[in-house]
Amino acid sequence: MDYQFAAIEEKWQKYWADHQSFKAEANSDKPKYYVLDMFPYPSGAGLHVGHPLGYIASDIFARYKRLKGFNVLHPMGYDSFGLPAEQYAIQTGQHPAVTTETNINTYRRQLDQIGFSFDWSREVRTSEPSYYKWTQWIFMQLFNSWYNLETDKAEHISTLIEKFNAAGSAEIKAACDEDTKTFMPSDWANFSDAEKQEELLKYRLTYLKESTVNWCPALGTVLANDEVKDGFSERGGYPVEQKKMMQWSMRITAYAERLLQGLDTIDWPEPMKEMQRNWIGKSSGASVKFNVENSDLQIEVFTTRVDTIFGVSYLVLAPEHEWVAQLTTPAQKAEIENYIAQTKKKSELDRMADAKTVSGAFTGTYVVNPVSGERVPLWIADYVLAGYGTGAVMGVPSGDQRDWLFATNFNLPIVQILDSQKEIDVQADPTKEGKYINSGFINGMGYKEAVAFLNQWLEDQGVGKAKINYRQRDAIFGRQRYWGEPIPVYFKDGLPYLLKEEELPLLLPEIDKYLPTETGEPPLGRAEGWKYEGKYEYELSTMPGWAGSSWYWYRYMDAQNDQAFADPKAVDYWKDVDLYIGGSEHATGHLLYSRFWNKFLKDLGFSKEEEPFKKLINQGMIVGESAFAHSIGFNFGEDVTQKFTNEERESYDKIKEKYRFISGKYLSYELIELLKSSNDLEDNSTTEKRQAILSHFWKPVEEDLTAAGLKGKVNKLSLPLGLNFYKTHVPIDYVNTKNEIDIINLEKNDPRFNGAEFNLNGSVFLSSREIEKMSKSKFNVVNPDVLIAQYGADTLRMYEMFLGPLEQSKPWNTNGIEGVFKFLRKFWRLFHNEAWEFTVSDEAPSKAELKSLHKIIKKVQEDIERFSFNTSVSSFMIAVNELTDLKCNKRAILQDLVAVLAPYAPHICEELWSLLGNKDLSTAQYPIFNPEYLVEDEFAYPISINGKMKMNLNLSLTLEAKAAEEAVLANEQVQGFLNGASPKKIIFVKGKIVNIVV
RNA sequence: GCUGAAGUGGUGGAACUGGUAGACACGCAGGACUUAAAAUCCUGUGCCCUCAACAGGCGUGCGGGUUCGAUUCCCGCCUUCAGUACCA
């Protein structure tokens, strides 16, 4: 039979499901290997061809590892809490759980038909109570923990209480809030329960605190820093503002250093690591305290250039700094208040766009430089951020360009501090070279010496010390939304208390609608009678999207367990993820939070590995090729010498508006280009063509104008100035590879184009193309279902791999898919005779056949190990082409070839494998590569003269340099190329090249 | 601005440690089969000069350098993409 992909694929997908072919067990003599995909959010749109790219790669890898004798865990699940289902619920009243279930079913159907080797018995869904019970449980562990800086790990909160009981708080070294109290053991004993809880909250790894958050009014919720891009929400693109709110936070900053250090131990793409490093933003410097004149206050600043401290000519506070009001003198009060008001008006975006303009206001107060005793003015300016460092900086104009601009703008002194600084009257010179001048007791020192000396001096004087600062902030954990994990907390006397472990899961209550309450509380405030023990308020925020995804790889290890998030034995066996494939957009979100929770779980002894994902590969995004139909419209002016009556004016404006965009009439793209082309340097025929098009469109305008009695009072503007160009997305299904639009069907089937007129004469109608992200609204989504129906899953899998390197982002087009399909048919035909009957021979293979086979065994093995899937597809084609030329149908060759191809095209390979008389591929092994078959006695050496390749010459591979040189020079053709010139030198690289230098 | 990645035929891309640039595939052109089309098969296909062959010249973003030899290494520049941005 011919290659019947549909029947074959259905058959084997059923077989795999029935036989649980890919079920992994946590006990095996084989070494373990854990291949993980980033689990999807099941959106309503279903899968497009870009989604499976990473899944196909990981599936090939998983199947390959099984053939190589590994016990492979390759699971899949759904990150099923999220915003779209909730917004759909707000619009339609449909419960998010229902929408989610429907979407998951679509995803599952689509995933199944691609033939993935997932162990579905381990499926997880983050929105299932049996799953989020353990997300809540982890939250509770975090609440019950503090970070001990002495042991450098998280510990149970009870060890902190013991320390309070034994020695009070003075000696505690913890990652905690800044406003912790200093107290003696006796004080602690006398604290009321509420006071104790309040104090402990400042140490817990998840805590409630008044903090400045990113508030998104349109979504009605707060967002984490990584969910905000350029002042807009990542999802939905709504504006985000800063707001002070009581919020749950995760003390991820406690782990900043370990998150940074861990990056050096994992095999991740360098850009990913770099993004995380930037996000953590470690900088080392010093903190210095400046005394405020006529006050007890000390302003602490953080600087990375403590060596420049003698060059300080002013200090700046962030406008939001809490001391601004009390440090402003009465004389300056109005100015400062005015400046703060102005700053507040600016949105985050304005502030960023405004980066180059210098602004600020003087408080009237002076502070004292602790090293020089000099008094310098205290300013406020919005270039200082309240959220970073201490919200106060010292200004050193000679060494920092921003400080230089500020000083220049406000006439503050610019003091040179290093003898090597140049042209500081033109711009700042941030050099660290040279010796210090004008710098008191560090004069004459070099950079390193000065920093060490100053840090010590500041510490001795008690006015500062060396300090390491991180940009990363604690992660805001609460979301004012419905469709998320409820936080297992209730409030008693305004203080948060955890539920008991046995009370988990705290189920998401039913509510009447999915909007905030009338009093502005989160949607959970609508749940009637939803109270702990019938009287205490539950926390009304839910967890953020990243909560459920920050530990899910552990759940796959033991997905059904209701006693623990996973059996410790399973965790001990599977340990960590060996290969993780997913998009790079999760660099500072999911991947960072997951590393954080993993380290925490390890500290508490629930897992063993410091890092969860040993190797990470980012698949590139597949983007779409949108198509556009173009239309035009007119702008026209009026004859200024003739005045309009009111009536005329009115009808003129109407006509003007009507023809600004001429709807329902489209022009083929080459005509649009013609219209856009300039008047210069063109022949008359173009001008004529253009005039013809335009007069066609202008005719109705003229008629309308005449009817309104406006003829002669209106000017056609010169072209192309007077034209407007418009483009409309056309569904790409109606556009062929030559960019021709099927206008008949488009007009019939797409309501937007009903009754539309295309072109002037019904000729071929061209669209233009643009590369855009695939999305429904751009009508450029390619659905894998269609391709699978046409070519089968094996072709789709191989084609997606053939498209290019996995990591590279690339536009999708279906141009080459025929080639891959033809390859699979050709492969199928190797096993069949002319009449499409399955025929293989048991003859011994020839040397050439063995060579082809072992070349591909070696190549594919190497390619998969370095994730170069596209190159192995080419190699398969070469192998099959070679074997076809050799007319090879020998079992000894073909059986091994099937095993090598199986990870890429599993269905066709299972079929052939069983036709060859074997059980199924789960019993197969990857063929052993034998280098003997590739040994050659001869090699066609490229002979080059002065590095230019001239010819090939067959030489024995046993020849060494001397003999080879002689043989080359003895060759007539070589002599011909040399043309009498005598070689100066001959380079001979065995098995590679001969180069003759003349 | 900073950080990172990348620029190769008409197109997607290959060349893994400096050693035959353009594998494999698409597209295109020509041919076979066919009444015809589709499908299939065969041949050619980087550019330039040439009727053509032989031969030659030019070619991996641009300009230099190192080397017997550079897509690969070094220096400078240009372009594109991604991330990030008043971070003190």
Side-chain angles (χ1 to χ4, degrees), chain A residues 229-230 269-279 281-283 285 301-306 308 316 318 351-359 381-385 387-396 399-403 405-406 469-472 584-585 587-588 618 620-621 623 737-738 771 799 802-805 807-820 822-823 825 859 862-863 865-866 868 870-881 940-952 983-989 991-998:
Chain A
K229 296 264 180 296
D230 300 330
E270 201 47 45
M272 286 283 110
K273 293 191 188 182
E274 201 55 33
M275 272 189 243
Q276 292 209 343
R277 284 191 197 106
N278 287 338
W279 191 260
K282 179 180 183 174
S283 59
V301 302
F302 174 74
T303 176
T304 52
R305 289 295 301 273
V306 69
T308 65
V316 196
R351 216 162 139 166
M352 280 190 280
D354 244 23
K356 280 181 192 76
T357 55
V358 180
S359 71
D382 64 4
Y383 81 81
V384 178
L385 307 175
Y388 183 75
T390 57
V393 302
M394 57 186 219
V396 184
D400 182 291
Q401 183 58 21
R402 211 187 28 214
D403 293 350
L405 286 170
F406 194 86
N469 208 22
Y470 298 91
R471 171 159 59 227
Q472 184 176 37
S584 56
E585 66 273 20
T588 51
N618 297 124
M621 196 170 31
V623 284
T737 51
K738 289 176 187 159
I771 304 288
Y799 182 59
F802 190 53
L803 227 43
E807 288 97 331
Q808 204 170 296
S809 147
K810 51 223 154 194
W812 176 267
N813 66 64
T814 322
N815 293 350
I817 199 166
E818 290 279 351
V820 174
K822 275 194 249 175
F823 154 75
R825 278 194 76 192
K859 174 77 166 128
E862 286 168 358
D863 282 350
E865 307 272 355
R866 66 191 173 100
S868 176
N870 56 325
T871 50
S872 21
V873 178
S874 308
S875 307
F876 282 126
M877 290 173 173
I878 295 169
V880 167
N881 287 345
Y941 279 93
I943 311 293
S944 49
I945 294 172
N946 287 340
K948 295 236 181 256
M949 216 289 266
K950 294 291 177 186
M951 57 176 282
N952 286 93
K984 274 194 204 125
K985 192 172 163 190
I986 299 180
I987 315 286
F988 174 79
V989 184
K992 285 265 158 87
I993 200 166
V994 180
N995 188 16
I996 305 170
V997 188
V998 293

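Residue numbers begin at 1 in each chain, while the letters A, B, ... track the order of the sequences.
- In this structure, the salt bridge (charged side-chain N to carboxylate O under 4.0 Å, His left out) partners of A/K282, at least two apart in sequence or on a different chain, are A/E257.
- Residues satisfying the side chain to side chain contact (heavy atoms under 4.5 Å, CB included) test with A/K984, not counting sequence neighbours, are none.
- Residues passing the salt bridge (charged side-chain N to carboxylate O under 4.0 Å, His left out) test with A/R471, sequence neighbours excluded: none.
- Residues passing the side chain to side chain donor-acceptor pair (under 3.5 Å) test with A/E862 are A/K858, sequence neighbours excluded.
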RNA chain B in dot-bracket, Watson-Crick or G-U pairs under 3.5 Å, [ ] crossing, | other strand?
(((((((..(((......[....)))((((((.......))))))(((.......)))..(((((..]....))))))))))))....
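- With 3.5 Å as the limit, one finds a donor-acceptor pair spanning the side chains of A/T871 and A/S868.
- For A/E807, the side chain to side chain donor-acceptor pair (under 3.5 Å) criterion is met by no residue, not counting sequence neighbours.
- Going from atom CG of A/N278 over to atom P of B/C86 covers 13 Å, rounded to whole Å.
- For A/E865, the salt bridge (charged side-chain N to carboxylate O under 4.0 Å, His left out) criterion is met by no residue, not counting sequence neighbours.
- Base orientation at B/G9 is syn, since its O4'-C1' glycosidic dihedral falls within 90° of 0.
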Reading nucleotides 42-48 of chain B 5' to 3', which nucleotides get B (base under 4.0 Å from a protein heavy atom), which S (sugar-phosphate only), which -?
-------
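- Phosphate contact (OP1/OP2 of B/A25, side-chain N/O of A/N870, threshold under 4.0 Å): absent.
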Between protein and nucleotides 64-69 of chain B, what N or O pairs are separated by less than 3.5 Å?
{"residue": "B/C68", "atom": "O2'", "partner": "A/N995", "partner atom": "ND2", "Å": "3.1"}
{"residue": "B/C68", "atom": "O2", "partner": "A/N995", "partner atom": "ND2", "Å": "2.5"}

Restricting both atoms to N or O, compile the protein contacts to nucleotides 26-30 of chain B shorter than 3.5 Å, with distance only.
{"residue": "B/C26", "atom": "OP1", "partner": "A/K822", "partner atom": "NZ", "Å": "3.2"}
{"residue": "B/C26", "atom": "O2'", "partner": "A/N815", "partner atom": "O", "Å": "3.2"}

Test log, rule ring pair (Phe, Tyr, Trp, His ring centres under 6.0 Å), inputs A/W812 and A/Y799
CA-CA 11 Å; A/W812 176 267; A/Y799 182 59; 5.5 Å; yes
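- Under the side-chain contact (heavy atoms from CB on, under 4.5 Å) rule, A/M394 has a single partner from A/D403, A/D400, A/T303, which is A/T303.
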Mind listing the N/O atom pairs, protein and nucleotides 79-82 of chain B, below 3.5 Å?
none

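- Separation of the C1' atoms belonging to B/G13 and B/G22 is 10 Å when rounded to the nearest angstrom.
- Here A/K282 lies out of heavy-atom contact (under 4.0 Å) with every strand.
- Taking the C1' atoms as reference points, B/A37 lies 35 Å from B/C51, given to the whole Å.
- Using a 3.5 Å distance cut-off with no hydrogens or angles, the side chains of A/N995 and A/S944 do pair a donor with an acceptor.
- Comparing B/G12, B/C86, B/A88 by their closest approach to the side chain of A/D382 singles out B/C86.
- Taking the charged nitrogens against the carboxylate oxygens, A/R277 and A/E270 do have a contact shorter than 4.0 Å, which makes a salt bridge.
- Within the 4.0 Å cut-off from OP1 or OP2 of B/C87, at least one side-chain nitrogen or oxygen of A/R402 is found.
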Protein and nucleotides 4-9 of chain B: nitrogen or oxygen contacts under 3.5 angstrom:
none

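- For the P atom pair drawn from B/A14 and B/G7, the interatomic distance equals 9 Å after rounding to whole Å.
- Between A/Y388 and B/A88, a side-chain N or O to OP1/OP2 separation shorter than 4.0 Å is present.
- A/Y941 contributes a side-chain N or O that, together with a main-chain N or O of A/G991, makes up a donor-acceptor pair within less than 3.5 Å.
- Using a 4.0 Å heavy-atom criterion, one finds that A/P805 contacts the sugar-phosphate atoms exclusively.
- Applying the 4.0 Å criterion to OP1 and OP2 of B/G13, one finds that A/Q808 has a side-chain N or O inside that range.
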